[in-house]
Amino acid sequence: DEKGNPIHYSPSADKILPGVRYTDNGFWDTYRTNYPFYAIVAKDILPEIIEGYIQDYIDGGWLPRWTAGDAQNCMPSTAIDAVIADVATRNLISKDLLETAFKGMEHHANKSSTVPAYGREGCEEYLELGYVPYDKYRESVNLTLDFAYGDYCIAVIAKALDEKEIYEEYSARAKRYEKLFDAETGFMRARLSSGEFKGDFDPASWGGDYTEASAWQTTFSVPHDLCGLAGLMGGEDKLLSKLDELFATEPVYR
């Protein structure tokens, strides 16, 4: 503005507001690659970028999931949880801003949005059942595993803010990926609202219950609890054997 203070156009409020805003990013595609890289090569500007994302919550009540100017209903889950947790562990965010982000993360972890571009699709069922059912939502396996990882990220921030009860709550929620593990096949599988695993299972079946993947890739998507995943598979040796099987399997997808 005329005084040199940052201002931005807020799509959710449809007006000019104080502060910075960053956009044009899809966190599901970038949270595990771009942002850890930025923390190494662009750490001077990364705090402002994160501030710009948190501004969306300040302006409109929801942290961004995927933005292209305005919020877009593209790709699942709230992977920004991992981005914020990462900068928090690197001490690249102020406590005040982290507390604001934490409120936004708790909000989308517990409340469904009437606008598909915001929040966690299947949030209510996840809270009730401990997983997202495939008879109500596409890509239900990824939704469930992403939510569990997001809950772990919330637990990380709760610990940093010395919120012990919230830390315990979300640490427990982060184990919900276990509900989709089928010990008989050794894969993460979709489940009905009633609890049964989906029939006609094919680990080479692409998409559908999985996001741009099959059961082979998605089963290992438990980055926050590899020891727990190994336990489900029968021990570390079994996990390593399953990884060997993954790399040896022909890349055939249906």
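Checking side-chain atoms of Ser214 against main-chain N and O of Pro203 turns up a donor-acceptor pair under 3.5 Å. With hydrogens and angles ignored, the 3.5 Å screen pairs a side-chain donor or acceptor of Thr144 with a backbone N or O of Val132. Proximity of a side-chain donor or acceptor of Thr78 to a complementary backbone N or O of Asp81 within less than 3.5 Å is not detected. Between the side chain of Thr218 and the main chain of Ala215, no donor-acceptor pair closer than 3.5 Å is present. Within the 3.5 Å criterion, the main-chain N or O of Asp96 finds a donor-acceptor partner in the side chain of Thr100. Between the side chain of Thr67 and the main chain of Asp24, a donor-acceptor pair closer than 3.5 Å is present. Of the possible donor and acceptor atoms, none in the side chain of Asp59 sits under 3.5 Å from a partner among the backbone N and O of Ala13. In this structure a side-chain-to-backbone donor-acceptor pair under 3.5 Å is missing from Arg173 to Asp151. Side-chain N or O atoms of Gln72 include one that pairs as donor or acceptor with a backbone N or O of Asp70 at under 3.5 Å.
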Query raised in the report: Would Tyr126 and Tyr131 satisfy ring-ring contact (aromatic ring centres under 6.0 Å, His included), going step by step from the backbone distance to the final call?
Result: CA-CA 4 Å; Tyr126 174 76; Tyr131 61 92; 9.0 Å; no
Query raised in the report: Going through the checks in order, is the ring-ring contact (aromatic ring centres under 6.0 Å, His included) test met by Trp62 and His108?
Result: CA-CA 7 Å; Trp62 294 93; His108 66 217; 7.3 Å; no
Report task. Give the intermediate values and the outcome of side-chain contact (heavy atoms from CB on, under 4.5 Å) for residues Ile84 and Phe102. Result -> CA-CA 9 Å; Ile84 296 171; Phe102 186 58; over 6 Å; no
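Between atom CD1 of residue Ile49 and atom OG1 of residue Thr23 there is a gap of 12.5 Å, rounded to the nearest 0.5 Å. Rounding to the nearest 0.5 Å gives a distance of 4.0 Å between CD1 of Ile93 and CD1 of Ile54. To the nearest 0.5 Å, the span separating SG on Cys123 from NE2 on His107 amounts to 9.5 Å. We find the CD-CZ distance between Glu48 and Arg21 to be 14.0 Å, quoted to the nearest 0.5 Å. To the nearest 0.5 angstrom, Thr249 atom OG1 is 10.5 Å from Phe247 atom CZ. Rounding to the nearest 0.5 angstrom, the gap separating the OG1 atom in Thr219 from the CZ atom in Phe181 is 7.5 Å.
The neighbour count for Lys242 NZ, taken as heavy atoms of other residues, nucleotides or ligands under 6.0 Å away, is above 12. At most 12 non-hydrogen atoms from other residues, nucleotides or ligands lie less than 6.0 angstrom from OH of Tyr152. Annotation for Phe201: atom CZ counts as buried by contact number, over 12 foreign heavy atoms lying within 6.0 Å. More than 12 heavy-atom neighbours from other residues, nucleotides or ligands sit within 6.0 angstrom of CD on Glu99. Around atom NZ of Lys111, no more than 12 heavy atoms belonging to other residues, nucleotides or ligands sit under 6.0 Å away. Crowding of Tyr253 atom OH: a count of heavy atoms from other residues, nucleotides or ligands under 6.0 Å exceeding 12.
Hydrophobic clustering, with ILVMFWY side chains joined whenever heavy atoms are under 4.5 angstrom apart, groups Leu246 together with Tyr177. No path of Ile, Leu, Val, Met, Phe, Trp and Tyr side chains, each step under 4.5 Å between heavy atoms, connects Met105 with Trp28, placing them in separate hydrophobic clusters.
Residues Glu106 and Tyr170 bring a donor and an acceptor atom of their side chains to less than 3.5 Å of each other. Under the 3.5 Å distance criterion, with hydrogens and angles disregarded, a donor-acceptor pair is assigned to the side chains of Asn25 and Thr30. Between the side chains of Asp182 and Thr185, a donor-acceptor pair is found at a separation under 3.5 Å. Donor-acceptor pairing under 3.5 Å is recorded for the side chains of Asp14 and Tyr9.
The minimum heavy-atom distance linking Gly69 with Pro11 is given by the pair O-CG, 3.7 Å. Contact record, Ser77 with Leu143: OG-CD2, 4.0 Å, taken as the closest heavy-atom pair. For the pair Thr211 and Pro76, the tightest heavy-atom approach, listed with the atom from each and the gap, is OG1-CG, 3.7 Å. The two residues Phe147 and Glu121 come nearest to each other via the heavy atoms CZ-O, 3.1 Å. Among all heavy-atom pairs drawn from Met188 and Leu229, the shortest one is CE-CD1, 3.9 Å.
Of the residues listed (Arg65, Glu139, Glu212), the one engaging Met75 in a side chain to side chain contact (heavy atoms under 4.5 Å, CB included) is Glu212, and it is the only one.
Taking the ring centroids of Tyr22 and His8, they lie at or beyond the 6.0 Å cut-off.
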